[in-house]
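To keep things clear, I will list the structure first and then write my remarks on it.
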Amino acid sequence: MPENIIQVKDLKKDYVNEEVVTKVLYGLNFEIGAGEFLAIMGPSGSGKSTLMHILGFLDTPTSGQYIFKGRDVSNFDDDKLAKIRNEEVGFVFQTFNLLPKTTVYENVKLPLLYSNLGDHDNKVKEAIKSVGLLHRINNLSNQLSGGERQRVAIARALVTSPSVIFADEPTGNLDTKSGQAVMGILEELNNTGHTIILVTHEQYTAQHAIRIIKIIDGHIVSDEKVINRKSSLNGDNFLK
Amino acid sequence: MTILDGLKLSFSVLRTNKIRSFLTSLGIIIGIAAVIIIMSVGAGAQSLIINQLNSVGTNLVGVLPGASDEEGPPASVFGIVVTTLKYEDAVAIKKQVDNVVAVSSYNSGVGTINYQNNSVDINFSGVMSDYLGVEDTEVYLGRFFTEEEDRGSAREVVLGYQVYQDLFGSDNPLGKRVKIKKESFEVIGVMKERGTAGFQNQDDLVLMPVSTAQKIMLGLDYVNYIRVKINNTENIDRATEDIKFLLRDRHDIRIDGTDDFSVRNTKDAIDTLLTVTNALKFFLAAIAGISLIVGGVGVMNIMLAAVSERVREVGLRKAVGARRFHIMIQFVLETMAITLIGGIIGVVLGFLVAAIVAATANYLGYKWDFVISFTSIILGTGVAAVIGLVFGLYPAQKAAKLDPIEALRYE
């Protein structure tokens with residue numbers, strides 16, 4: 001096991017709504033090593049999205065510890081969370097979330113606006129190149145196909161060279177072929193050393209990962225290595 | 001994120017919503033234009049009034065019958081006829097007050113002047129031989145009366161230029177006899193053309209010696225007012241005091257007594273008028289300013305709508321690392337861009353309208369200055385920017401407070 005990047009200890013999350021407490025996560029414990037490709041699986045309402053939000057610094061746990069690269073980030077305030085999101089993580093969402101009527105270039109550049117990293121132009125072009133969309137760089141986001149949009153979103157997640165990339169149902173809104181392409185890119189990124197955390201409810205999407213944590217009703221029910229790993233890269237996938 | 005990034009972003013948003021941005025800023029455009037127009041037209045109107053006063057002469061001191069404090073109106077305004085101011089007072093001022101160049105008393109009346117079959121309605125004035133010096137004018141034909149004729153009730157008149165034109169056309173008027181109110185006079189001179197000064201057309205006046213006007217035409221022994229020409233503007237205040245002192249002495253007014261006359265100079269009159277017209281100008285500008293607040297509320301309303309339209313965008317920006325501060329800056333800059341552009345358009349529009357008003361007034365023959373101060377331009381755009389800041393803060397704060405998870409889920 002490589003060096004741990006994420007450590008979660010007795011992580012709990014409750015939502016309080018008009019004095020009704022809804023327990024979502026019940027004391028989770030796990031570790032994620034640098035360079036892992038982890039899939040978090042579970043049905044709707046299992047708490048997998050909540051877990052991803054906490055791991056991605058969009059939310060904080062009610063109790064327990066979240067240690068990221070040796071720092072306890074459980075009690076970070078809004079601005080500290082924003083900073084760490086900007087520097088350490090990239091997101092790929094199911095619905096792409098690109099800025100409408102904005103070019104590919106500007107969309108990919110977005111995280112750099114809020115960072116102290118210099119040399120925007122090269123970073124943006126490199127990220128776009130790595131998802132194979134250099135020829136679309138000046139197109140507006142609404143002129144792209146779904147698969148292309150998701151690739152732009154991946155480029156946007158990559159542009160700050162983050163430690164972890166979170167992908168929340170990245171193939172959910174795509175046809176099978178585009179979905180394959182997107183998963184292929186994620187695998188490639190993992191092969192080049194990126195840590196990837198994938199959230200999905202689809203078994204065959206999760207099969208691309210190296211390790212799968214299954215959550216049901218806020219509990220981890222299994223945490224194991226993928227034995228029969230699918231790949232969109234070497235042609236060894238379920239379509240063939 | 002630098003301010004430059006923020007500005008670029010704001011302008012790209014405004015460009016994508018051109019019509020909405022324009023309509024939003026319309027309230028600001030109208031408000032700023034209204035303020036600029038009112039300030040400029042107000043200043044132009046002031047210049048018109050002051051030019052009129054200056055055309056009477058800036059070195060003039062007026063003596064009016066009846067007491068009044070410095071700021072209040074003279075007694076004659078209330079229809080009270082005060083008869084204490086005499087021809088002899090004018091003579092005494094000329095003789096005894098330092099720095100006095102010329103003095104004339106005035107008695108006015110109206111009547112019809114006849115020459116052969118021609119008749120014209122006129123104003124006539126009984127004045128003194130110093131009249132030319134006091135009014136800073138000269139005769140066009142013939143001569144003016146002498147000091148002896150002042151007292152001698154000479155039946156002589158000097159015609160205003162317009163009266164001369166109307167009665168005689170191209171004939172020589174000198175030595176001809178005219179009739180006013182059945183009294184017969186000899187024309188000894190014609191004044192040069194003067195136009196309007198002090199809100200009175202000087203060319204339809206007929207001038208006669210003061211004693212003639214008092215005894216023959218009006219049957220009274222007091223004067224309406226006295227005008228005194230001082231040699232230098234700097235000596236006006238001193239001369240004013242000297243005249244007061246002299247007249248108190250002549251009218252036997254004790255130290256604690258109330259004056260039965262008042263002394264005014266053009267400078268005081270201009271100051272008083274400026275105070276009044278400034279108050280009016282700023283009052284109107286304040287009313288126009290209210291429209292700016294209304295415009296600001298309109299801008300805020302649109303920005304609130306824009307925020308709820310762009311909840312997902314805000315969520316995304318926060319997810320990729322934008323802090324509250326970044327979102328605040330973005331929306332405040334956007335609001336300020338709208339109001340600032342509106343302000344600039346408003347200034348230009350106000351400038352144009354004020355220029356057209358001034359040009360029209362000048363074309364119609366009024367001495368109207370086109371006044372637009374640099375301050376009002378800076379103030380106009382500054383106020384617009386401040387409105388953007390004030391009315392942009394609340395929507396921006398609302399956007400900045402959005403929870404990224406909720407915002408990303410927002411449909």
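By convention in this document, chain letters (A, B, ...) are assigned in the order of the sequence lines, proteins followed by strands, and residues within each chain are numbered from 1.
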Taking only heavy atoms into account, what residues of [range] are found under 4.5 Å from chain B?
| range | answer |
| --- | --- |
| residues 78-109 of chain A | A:D78, A:D79, A:A82, A:K83, A:R85, A:N86, A:F91, A:F93, A:T95, A:N97, A:L99, A:K101 |
| residues 123-150 of chain A | none |
| residues 48-63 of chain A | A:H53, A:L58, A:D59 |

Q. Any idea which of A:N116, A:T160, A:L110 has the most non-hydrogen atom pairs under 4.5 angstrom with chain B?
A.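 Maximum pair count with chain B is reached by A:L110.
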Counting only heavy atoms not in [X] (residues, nucleotides, ligands), do more than 12 fall under 6.0 Å from its [atom1]?
| X | atom1 | answer |
| --- | --- | --- |
| A:F76 | CZ | yes |
| A:D10 | CG | yes |
| B:I19 | CD1 | no |
| A:D77 | CG | yes |
| A:F30 | CZ | yes |
| A:Y15 | OH | yes |

Q.
Please rank B:A319, B:G315, B:S12, B:P404 by heavy-atom pairs under 4.5 Å with chain A and give me the top one.
A.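 Winner by heavy-atom pair count: B:A319.
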Q: Begin from the C-alpha positions of A:R156 and B:L316 and carry the test side-chain contact (heavy atoms from CB on, under 4.5 Å) through to its verdict.
A: CA-CA 11 Å; A:R156 182 181 64 199; B:L316 172 71; 3.4 Å; yes
Q: Sort out for me which residue in B:K318, B:R323, B:R317 forms a side chain to side chain donor-acceptor pair (under 3.5 Å) with A:Y114.
A: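 Single side chain to side chain donor-acceptor pair (under 3.5 Å) partner of A:Y114 among B:K318, B:R323, B:R317: B:R317.
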Q | Pairwise salt bridge (charged side-chain N to carboxylate O under 4.0 Å, His left out) hits with a residue in residues 6-18 of chain B, at least two apart | A |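 Qualifying pairs: none.
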Q. Side chain, backbone, both or neither: which part of B:R324 has a non-hydrogen atom closer than 4.5 Å to chain A?
A.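 Both parts, backbone and side chain.
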